[in-house]
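Notes to accompany the following structure.
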Amino acid sequence: MLLTEWQTGTGLLGALGLTAGLLPAYGPPAIEPKTMPGTWIDHTSGTLVFTSDGRVTASGVGRHRPGDHPSGPSERCSGSGTWSYEPGRDVWTQQVRLAVPGCTWPPWRVGGTAREPRIQQKVGDPGSGRLYKLGKPPAAPDAGGRPATSASPR
């Protein structure tokens with residue numbers, strides 16, 4: 001694949017910006033248990049609804065096997081159970097564990113941004129870089145245009 005001058009220039013400027021410290025390197029957001037309550041949605045409208053008291057309800061959330069593609073068909077799982085947050089050693093190792101009878105998932109890793117956090121799992125062949133993601137949409141602004149605070153569903 002040939003790169004255009006524009007692509008090469010953009011890549012070079014990005015590398016220089018990172019090296020010089022002008023652009024921050026990506027890191028997942030540091031979340032905490034109070035980040036989790038609310039609805040998290042995947043690309044097919046599968047949802048996980050977390051409550052502040054440690055309960056979770058899954059509706060059509062994918063369960064992938066090795067070799068699966070994140071957007072390909074997967075077994076879907078629904079049910080209710082519990083969740084826990086583990087801060088890990090740093091932002092790269094924080095995870096969310098779910099215990100939903102009949103639904104087995106490995107721990108979910110954290111990704112996205114502070115404004116739009118995601119929980120995600122690796123899918124596909126090892127090293128493929130493919131991720132199955134659920135995102136928490138940002139809270140809609142209130143009537144005055146200020147960011148709304150997220151309320152925990154009960």
Side-chain angles (χ1 to χ4, degrees), residues 1 3 7 10-11 13-15 17-18 22-142 146-154:
M1 177 170 115
L3 297 177
Q7 290 169 319
T10 301
L13 286 175
L18 285 171
L22 299 174
L23 298 173
Y26 171 76
I31 67 166
E32 50 192 31
K34 70 179 184 180
T35 306
M36 298 308 299
T39 301
W40 296 66
I41 306 168
D42 74 7
H43 65 285
T44 66
S45 298
T47 62
L48 288 171
V49 179
F50 294 86
T51 62
S52 59
D53 63 358
R55 287 184 276 181
V56 65
T57 301
S59 247
V61 177
R63 286 181 20 182
H64 293 84
R65 292 184 290 273
D68 284 353
H69 191 279
S71 62
S74 66
E75 182 180 328
R76 296 283 162 183
C77 199
S78 298
S80 295
T82 60
W83 67 273
S84 63
Y85 168 75
E86 297 175 7
R89 296 180 314 277
D90 54 37
V91 293
W92 294 99
T93 58
Q94 58 190 330
Q95 49 188 11
V96 177
R97 292 185 180 272
L98 304 181
V100 176
C103 302
T104 305
W105 293 288
W108 295 82
R109 299 287 183 178
V110 175
T113 64
R115 188 173 185 285
E116 294 187 42
R118 284 191 315 257
I119 55 174
Q120 57 199 25
Q121 295 181 339
K122 293 180 180 178
V123 297
D125 297 321
S128 70
R130 294 180 181 148
L131 297 171
Y132 172 59
K133 309 171 200 173
L134 283 93
K136 185 176 184 185
D142 66 12
R146 295 175 299 271
T149 56
S150 55
S152 302
R154 294 255 175 210

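L131 CG to I119 CD1: the interatomic distance, rounded to the nearest 0.5 Å, is 12.5 Å. The line from NZ of K136 to OG1 of T39 is 9.0 Å long, rounded to the nearest 0.5 Å. Here the straight-line distance linking atom CD1 of I41 with atom OG1 of T47 works out to 7.0 Å at 0.5 Å rounding.
Evaluation of the disulfide bond (SG atoms under 2.5 Å apart) test over residues 83-139, restricted to residues two or more places apart or in two chains, returns C77-C103.
A distance-only check finds a donor-acceptor pair linking the side chain of W40 to the backbone of M36 [under 3.5 Å]. Distance alone, capped at 3.5 Å, places no donor-acceptor pair between the E116 side chain and the G135 backbone. No donor-acceptor pair closer than 3.5 Å links the side chain of S59 to the backbone N or O of S78. Checked by atom type and distance alone, the side chain of W108 never pairs as donor or acceptor with a backbone atom of R118 at under 3.5 Å.
At least one side-chain heavy atom of F50 sits under 4.5 Å from a side-chain heavy atom of L98. Here the side chains of T57 and S80 are in contact, with some heavy-atom distance below 4.5 Å. Side chains of P29 and V110 form a contact here, defined as non-hydrogen atoms less than 4.5 Å apart. Side-chain contact between L48 and W83 is absent, with no heavy-atom pair separated by less than 4.5 Å.
Residues satisfying the side-chain contact (heavy atoms from CB on, under 4.5 Å) criterion with Q95, sequence neighbours excluded, are E86, R97, P107, R109. Contacts of Q94 classified as side chain to side chain donor-acceptor pair (under 3.5 Å), with partners at least two apart in sequence or in another chain: Y85.
Under the 30°/60° scheme for interplanar angles, the aromatic rings of H43 and Y132 are found to stand perpendicular.
Annotation for R55: atom CZ does not count as buried by contact number, only 12 or fewer foreign heavy atoms lying within 6.0 Å.
Nearest heavy atom pair, residue G111 against residue P28, reads CA-CB, 4.1 Å. When every heavy atom of G27 is checked against every heavy atom of W92, the shortest pair comes out as CA-CZ2, 3.6 Å. Across all their heavy atoms, P117 and I31 have their closest contact at CB-CG2, 4.5 Å.
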